[in-house]
Amino acid sequence: MAKEGALTVGKKVILNFPKHTWDKPVVYTLHSKFNLIFNILKAQITPNEEGLMILELVGEEEKVREGIEFLREIGVGVRFLAADIEKDEEECVHCGACASVCPSGALHIDRETYKVIFDKEKCVGCELCVGACMYKAIKIGL
Ligand code: SF4
Ligand code: SF4
């Protein structure tokens, strides 16, 4: 039950689950112990065999903080999503590297032109594309 007057916040986070955490009821614990509501935006296994989950956590500000501390204590990587991503069309060579890591399909290869298209509406701000682009064509808050 939420405390009266407690501030309710929503935080979008990207979680990396190393293999040793896969058998733990992590997301369930966020709800049962910290009373957080979550909305899973994306879940997948990455090529280096980590579980990747992008979710929005909603709850009392203090509980959200405690829940994130709990995740980090058990070895789950936590990063906040905040990025306002832009693709610089002048720098982009359409190599496709960013599209291969984009979990939401915001960056994708057009099947007819083979150009990499950025659909900002689908972007969840995880920033995975930033590190994937060798041409520095993906920018945060351009
Ligand atoms: S990785 Fe960079 S250069 Fe390659 S398609 Fe994506 S934005 Fe363009
Ligand atoms: S930040 Fe980049 S990789 Fe992440 S969803 Fe947006 S476009 Fe895709």
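Indexing begins at 1, ligand by ligand and atom by atom, following the structure's order. Quick caveat: nothing in here was measured; it's all calculated off a predicted structure. Every heavy atom of this structure was used, including side-chain atoms; hydrogens, water molecules and symmetry mates were not.
- Contact check for Asn16 versus Leu52: side-chain heavy atoms found under the 4.5 Å cut-off.
- At least one side-chain heavy atom of Leu128 sits less than 4.5 Å from a side-chain heavy atom of Arg79.
- Neither the backbone nor the side chain of Lys122 comes within contact range of ligand 2; no heavy atom lies under 4.0 Å.
- By the 30° and 60° cut-offs, the orientation of the rings of Phe70 relative to Phe34 is tilted.
- Of all atoms in ligand 2, listed by their number and element, those nearer than 4.0 Å to a heavy atom of Ile85 are 1 (S).
- Taking 4.5 Å as the limit, some side-chain heavy atom of Phe80 sits within range of a side-chain heavy atom of Ile68.
- Counting only residues at least two apart or on different chains, the salt bridge (charged side-chain N to carboxylate O under 4.0 Å, His left out) pairs with a member in residues 19-45 are Lys19-Glu49.
- Near Ser104, meaning under 4.0 Å from any of its heavy atoms, are these atoms of ligand 2: 5 (S).
- Other residues, nucleotides and ligands contribute over 12 non-hydrogen atoms within 6.0 Å of the CD1 atom of Ile117.
- With respect to Glu69 and Arg72, no salt bridge is recorded, no charged nitrogen being found less than 4.0 Å from a carboxylate O.
- By the 4.5 Å heavy-atom criterion applied to side chains, Glu86 and Lys120 are counted as neighbours.
- Using a 4.0 Å heavy-atom criterion, the residues that approach ligand 1 are Lys87, Cys92, Val93, His94, Cys95, Gly96, Ala97, Cys98, Val116, Cys133, Tyr135, Ala137, Ile138.
- Within the listing of ligand 2, atoms 1 (S), 4 (Fe) sit less than 4.0 angstrom from a heavy atom of Glu127.
- Looking at Val124 against ligand 2, both its backbone and its side chain come within 4.0 Å, counting heavy atoms.
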